[in-house]
Amino acid sequence: MQDFIHVKDVASVGEGKLVSVRGWVYRKREIGGKVFIVVRDSTGIVQAVVGKDNGDAFKKAEQLNIESSLVLRGYVKREPRAPGGFEIQVIDIPWSFVGWQFPINEDAAKADSEYLLDMRHLWVRSRRMQSVLKIRDTVFGAIHEWFRGNGYYEVQAPMFITSAVEGGSTLFEVNYFDSKAYLTQSSQFYLEALIFSLEKVYTVAPSFRAEKSRTRRHLTEFWHAEAEVAWAGLEDIFTVTENLISHVVKRVLERNLEELSILGRRTEPLENVKPPFPRVSYDEAIGILNRKGFDLKWGSDIGADEERALTLEFTQPIHLHHFPEQVKAFYHRNDPARPETTLSVDVLAPEGYGEVVGGGERIFDYDELVGKIRRFNLNPDDYQWYLDLRRYGSVPHAGFGLGVDRLVMWICGLDHIRDALPFPRDMRRLKP
RNA sequence: GCCGCCGUAGCUCAGCCUGGUGGAGCGGCGGGCUGUUAACCCGUAGGUCCCGGGUUCAAGUCCCGGCGGCGGCGCCA
């Protein structure tokens, strides 16, 4: 077996070296008795040239379609006319697979259409998706890196559950032998159970929401990074989320400048991301928004349009905190100093992207939790084991959930969350 | 749940308002070009104009119904 190199290393092996690369046809042009093949692999693109005098390889090269695969061998040449300044002068093509006519062309790619979603299993090969996927890899890696570097245990919660985490949210029902089960919409309750064992825990797992949402920031299956910390309060969640997000962004800037550039993503908004993030109370937000022309009453929720307007006032992600009780789920702890509000926080990504994190302090007192469940017209019987946690050595604690796909969407500057992951699932899309 | 939009070539779309022989670009195929960069130039093939009904001498175009799809809001991460 001979040694192969990756496309990105072609320039550095030095002119005149004989190299072998394996990849796919990114572009093919025939002119002047030569075939120019731009070869793509997981690391980049490089131009290869096959001359007509090289009869056997020339014939093979001529037959290749876009995205056909090939192995080629040739000499590296410094060539200012080639993209990247180097090309491979092919001496032979030891292996090739002549693919069918590739169904995605430049026109379809430019249109950014529904068609590309139907063709996603092939579109993942595009430089654009390739770049998103590399950044996504950095993001997931950096999340694990940060939690593990800060004393958290990684845990796993079940995906099959029997009742809702939050009343009102819609669950996917599945057949579970002779009974019904549901797909989890959050691992939070399980993490809360686990803090009494491990104190600081996190998980990165899918969550499922059967909401009929048709927006650019909703999926029915999304990747949820959740953490829960014993003895922690709202201030700790501010600190944890701003440090976590800043770390992730820093890693992306270290590793993915090329990918950001392929995506046409400006890096300035990312370079601004450093702790601490501005803290904006719900009260302040209502004031800011009403000065900007909204007409919001205290107690109304801050919707997508309002979030967008609010984030445009800042150059960093912001901590929006102290939401009124009625706009947050029942498990949020009310602020003893101001009981109509909760010790809750959303982190809003800048540039109009909006909510990427929701979290805050949880109710740790049994009677307080039962009372609030009733006040929200829910049935305490549905929360038996969750209430149990408040019976045996309960402690103040706090946690949060981060929508990883939303974070990737913002970091990449994407228009739609669907493009932040390879095979998105939403209300109307279950394939490929 | 609410509001709005669309369905014409493999893909992206124009044509519809104001009815009169189905169009463009990209892609395919054939040819040309001795260095292309989303190559270019010439030629050529390719259509159930979503389906059904109606109006009309005549419907892709107007009307009614159906089907399929898209965007946004709410909800949330």
Side-chain angles (χ1 to χ4, degrees), chain A residues 26-38 45-53 65-66 77 79-85 87 89 100-119 122-123 126-127 165-170 185-188 204-226 241 245 300-308 323 327-329 345-349 353-359 399-410 415-418 420-421 426-429:
Chain A
Y26 183 67
R27 296 276 186 276
K28 188 183 79 168
R29 305 178 193 99
E30 293 176 69
I31 185 173
K34 291 187 168 77
V35 180
F36 295 89
I37 297 173
V38 180
I45 57 175
V46 68
Q47 175 166 289
V49 190
V50 191
K52 204 166 205 163
D53 50 339
N65 286 315
I66 298 294
K77 190 191 172 200
E79 174 53 75
R81 288 169 297 187
E87 71 180 11
Q89 303 206 301
W100 293 19
Q101 184 59 48
F102 201 63
I104 302 171
N105 60 35
E106 284 295 335
D107 214 43
K110 215 169 34 181
D112 194 28
S113 64
E114 198 64 13
Y115 179 73
L116 292 180
L117 282 159
D118 293 333
M119 293 289 131
L122 301 175
W123 183 236
S126 65
R127 299 205 83 201
V165 169
E166 313 178 23
S169 294
T170 328
Q185 58 187 189
S186 165
S187 299
Q188 179 192 322
V204 180
S207 283
F208 306 89
R209 304 263 167 104
E211 295 152 354
K212 293 187 175 175
S213 303
R214 290 198 49 75
T215 79
R216 62 185 68 187
R217 56 189 188 287
H218 284 265
L219 296 165
T220 50
E221 174 183 329
F222 68 96
W223 282 83
H224 213 173
E226 295 176 277
T241 52
I245 291 170
S300 58
D301 202 3
I302 292 183
D305 292 341
E306 291 82 14
E307 273 189 6
R308 202 166 295 129
F323 287 88
V327 304
K328 284 288 171 188
V345 59
D346 283 358
V347 177
L348 308 187
Y353 278 89
E355 186 174 358
V356 292
V357 166
F400 67 93
L402 163 70
V404 186
D405 313 282
R406 284 188 181 175
L407 184 60
V408 171
M409 177 188 175
W410 164 61
D415 292 333
H416 205 296
I417 196 167
R418 286 191 298 231
L421 67 169
D426 63 29
M427 197 175 129
R428 297 181 196 174
R429 181 164 296 277

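Below, chain A is the first sequence line, B the second, and so on; all start at residue 1. Every value quoted in this text rests on a predicted model; they were computed, and no experiment measured them. When reading the values below, keep in mind they use all heavy atoms of this one structure, side chains included, and skip hydrogens, waters and symmetry mates.
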Can you tell me the Watson-Crick or wobble partner of [N], both distances under 3.5 angstrom?
N	result
G23(B)	C13(B)
A59(B)	none
U18(B)	none

Reckon [X] touches a base, only the sugar-phosphate, or nothing at all at heavy-atom distances under 4.0 Å?
X	value
Q89(A)	base
L219(A)	base
E221(A)	nothing
V357(A)	sugar-phosphate
D346(A)	nothing
H218(A)	base
K212(A)	base

Provide the distance between the two [atom1] atoms, one in [N] and one in [M], to the nearest whole Å.
N	M	atom1	answer
U12(B)	C50(B)	P	14 Å
C17(B)	U36(B)	C1'	46 Å
G23(B)	G46(B)	C1'	13 Å

Using the six-membered ring for Trp and the full ring for Phe, Tyr or His, decide whether F222(A) stacks on the six-membered base ring of A77(B) (centres under 5.5 Å, planes under 30°).
yes
Can you tell me how far the [atom1] atom of [X] sits from the [atom2] atom of [Y], to the nearest 0.5 Å?
X	Y	atom1	atom2	result
D426(A)	R216(A)	CG	CZ	14.0 Å
L348(A)	E307(A)	CG	CD	5.0 Å
R217(A)	R418(A)	CZ	CZ	13.5 Å

Considering just the side-chain nitrogens and oxygens of R127(A), establish if one lies under 4.0 Å of OP1 or OP2 belonging to A38(B).
no
Result for 5'-nearest mapping on RNA chain B, choosing between R428(A) and D405(A), is R428(A)
Contacts of K28(A) and G33(A) projected onto RNA chain B by closest heavy atom; the upstream (5') one is G33(A)
With hydrogens left out and only the distance checked, is there a donor-acceptor pair under 3.5 Å joining E30(A)'s side chain and the base of U36(B)?
no
Classify the side chain of S213(A) and the base of C76(B) as holding, or not holding, a donor-acceptor pair under 3.5 Å.
no
Whole-Å distance between C76(B) P and M409(A) CE?
18 Å
